[in-house]
Amino acid sequence: MPELPEVQTVVSTLAPHVTGARVLAVQLNRKDIVTPIDLDIAPLLENRVITAVTRRAKRIVFTLDNANRFYIHLGMSGQLTLETPSAEVKKHTHLILRLQHPKLEIRFRDPRRFGGIFWLGAADGDNALGPEPLTLNPARLAKSLASTRRPIKSALLDQRLIAGIGNIYADESLYLAAIHPLTPANELPAAAVARLNRAIKQTLRRAIAARGSTLRDFVGADNAPGGYRVKHQVYGRDGEKCRKCRTVIERIVLTGRSTCYCPRCQPAR
DNA sequence: GTCCATGTTCTTTA
DNA sequence: CTAAAGAACATGGA
């Protein structure tokens, strides 16, 4: 569920309620959901105050009052929600942080377990992550894209080049920028890179405003689904007509992922 | 039973 | 510092 807009939605719905709260108790139901796998995180979290919850790429970063940090990655099916202690604990809930005030629990559940809890300690964990898309500029984007001749769609999914975009918003951004997904990244003309830079920001901002896309199970920390799916122009719309030109949206497979695009609005060059 | 899914990382290949 | 394609991970819904 989690690309940048969904992760931002979780942070925005969680941070105001838990910043400044003390962790009273930690319940870890699966040790293998933590990296490093043999780290006992309970004593590291118990009795600490959460001083910040922020987003970096698709990571939800918690900062503690002793300056230690960890992050939660939602993988494909992760949910991070704020619950009353009496609420039923759903299957695949791997971590529960019981807070002192407010008397609520932060719960992490992830059926497919592609996500996890990653201990950072004093590090910021930014190594190998590319720039944030929302503060990107054309020159920086061009620098990332010049490094590979893979298709632009694949390049947008590479978190080392740009960090936070996933399969939905890569397709949506390329549509808005009128770029064919198979175009080699290092062959995009400067004008196309500039369009893409603007398209990425506009797409992500609109998606954040709608609280992200819920395809199946994504919810914010308040358990509310996102409303951006109905605004998708191409993702998941293969076989349907382009909203702009009525051409049928096509689907191809790239890097093992479905890629949807309008062959008329996004011509190959 | 089959196929597919919002992600990342490790292995294989050219 | 190869670079890129492919497989693997695990669960559940259509």
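Note that the structure is a prediction, hence the values are computed from the model and not measured. Protein chains get the first letters and strands the later ones, always in sequence-line order, with residue 1 at the start of each.
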task: May I ask you to decide if Leu82(A)'s main-chain N or O and Glu105(A)'s side chain share a donor-acceptor pair within less than 3.5 Å?
output: no

message: Tell me every residue that passes ring pair (Phe, Tyr, Trp, His ring centres under 6.0 Å) with Phe70(A), counting only those two or more places apart in sequence or in another chain.
response: Phe62(A)

field: Integer-rounded Å distance: dT8(B) P and Asp158(A) CG
entry: 10 Å

message: How many whole angstroms separate atom CD1 of Ile33(A) from atom C1' of dG7(B)?
response: 13 Å

- prompt: Rounded to the Å, how far apart are Asp217(A) CG and dT6(B) P?
  reply: 12 Å

message: Other members of the hydrophobic cluster containing Tyr261(A), with the 4.5 Å side-chain heavy-atom rule, please.
response: Leu182(A), Ile252(A), Leu254(A)

Atom pairs under 3.5 Å, N or O on each side, protein against nucleotides 9-14 of chain B: can you list them with distances?
none

query: Below 4.0 angstrom, N of the basic side chain to O of the carboxylate: do Arg150(A) and Asp158(A) qualify?
result: yes

Near-strand residues of residues 165-185 of chain A, defined as heavy-atom separation under 4.0 angstrom from DNA chain C: none

message: List the residues meeting ring pair (Phe, Tyr, Trp, His ring centres under 6.0 Å) with His73(A), not counting sequence neighbours, and say none if there are none.
response: none

query: Of the nucleotides dT6(B), dT8(B), dA5(B), which one has an atom closest to the side chain of Gln159(A)?
result: dT8(B)

query: Taking 5' to 3' order, which nucleotide of DNA chain C is first and which is last to have an atom within less than 4.0 Å of a heavy atom in chain A?
result: dA4(C) to dG13(C)

- request: Using the P atom as the reference point in each nucleotide, state the distance between dT6(B) and dA4(C) in Å, no decimals.
  value: 22 Å

task: Please write out which residues are connected to Leu120(A) in a hydrophobic cluster, directly or through intermediates, given that two of Ile, Leu, Val, Met, Phe, Trp, Tyr count as joined at side-chain heavy-atom separations below 4.5 angstrom.
output: Val61(A), Tyr71(A), Phe118(A)

- request: Quick one: the dot-bracket string of DNA chain C, using Watson-Crick and G-U wobble pairs with both distances under 3.5 Å, [ ] for crossing pairs and | for bases paired to another strand.
  value: .||||||||.||||

- prompt: What residues in residues 204-212 of chain A put a non-hydrogen atom under 4.0 Å from any atom of DNA chain B?
  reply: none

task: Starting at atom CD1 of Ile60(A), determine the distance to atom P of dG7(B), rounded to an integer number of angstrom.
output: 14 Å

message: Using a strict heavy-atom distance below 4.0 Å, which residues from residues 252-262 of chain A are in contact with DNA chain B?
response: Arg257(A), Ser258(A)

- prompt: Other than Tyr175(A), what residues sit in its cluster of Ile, Leu, Val, Met, Phe, Trp and Tyr side chains whose heavy atoms are under 4.5 Å apart, directly or through others?
  reply: Val234(A), Ile249(A)

message: Taking Arg69(A) first and then Asp124(A), would you say they form a salt bridge - that is, a charged N and a carboxylate O separated by under 4.0 Å?
response: no

message: Going by side chain to side chain contact (heavy atoms under 4.5 Å, CB included), Ser213(A) matches just one of Val230(A), Thr9(A), Ile168(A). Which one?
response: Ile168(A)

message: In whole Å, measure the gap between the P atoms of dA10(C) and dT11(B) for me.
response: 15 Å

- prompt: When rounded to the nearest 0.5 angstrom, what is the spacing between NZ in Lys31(A) and CD1 in Ile41(A)?
  reply: 10.5 Å

task: For Ala224(A), check side chain to side chain contact (heavy atoms under 4.5 Å, CB included) against everything at least two apart and list the hits.
output: Arg211(A), Asp222(A)

query: Looking only at side chains, do Thr81(A) and Glu83(A) share a donor and an acceptor under 3.5 Å apart?
result: yes

task: Establish, from distance only, whether the side-chain atoms of Gln8(A) and Ser12(A) form a donor-acceptor pair under 3.5 Å.
output: yes

- prompt: If you measure only the distance, is there a donor-acceptor pair under 3.5 Å linking the side chains of Tyr169(A) and Glu6(A)?
  reply: yes

- line: Heavy-atom nearest nucleotide on DNA chain B taken for Arg112(A) and for Leu157(A); more 5' hit belongs to Arg112(A)

Nearest-Å distance once atom P is located in both dC4(B) and dG6(C): 15 Å

message: Rounded to whole Å, please give me the gap between CZ in Phe218(A) and C1' in dG7(B).
response: 15 Å

- prompt: Under 4.0 Å between a side-chain N/O of Lys58(A) and OP1 or OP2 of dG7(B), yes or no?
  reply: yes

message: Classify Arg109(A) by what it touches in the nucleic acid, base, sugar-phosphate, or nothing, heavy-atom distance under 4.0 Å.
response: nothing

- prompt: Only one of Ile96(A), Leu80(A), Leu97(A) clears side chain to side chain contact (heavy atoms under 4.5 Å, CB included) with Arg107(A); which?
  reply: Ile96(A)

- request: Measure the distance from CG on Asp110(A) to P on dA5(B) and round it to the nearest whole Å.
  value: 18 Å

message: From CZ of Arg216(A) over to P of dG7(B), roughly how many Å is that when rounded to an integer?
response: 14 Å

Pairing of Lys231(A) and Glu172(A) as salt bridge, 4.0 angstrom limit: no

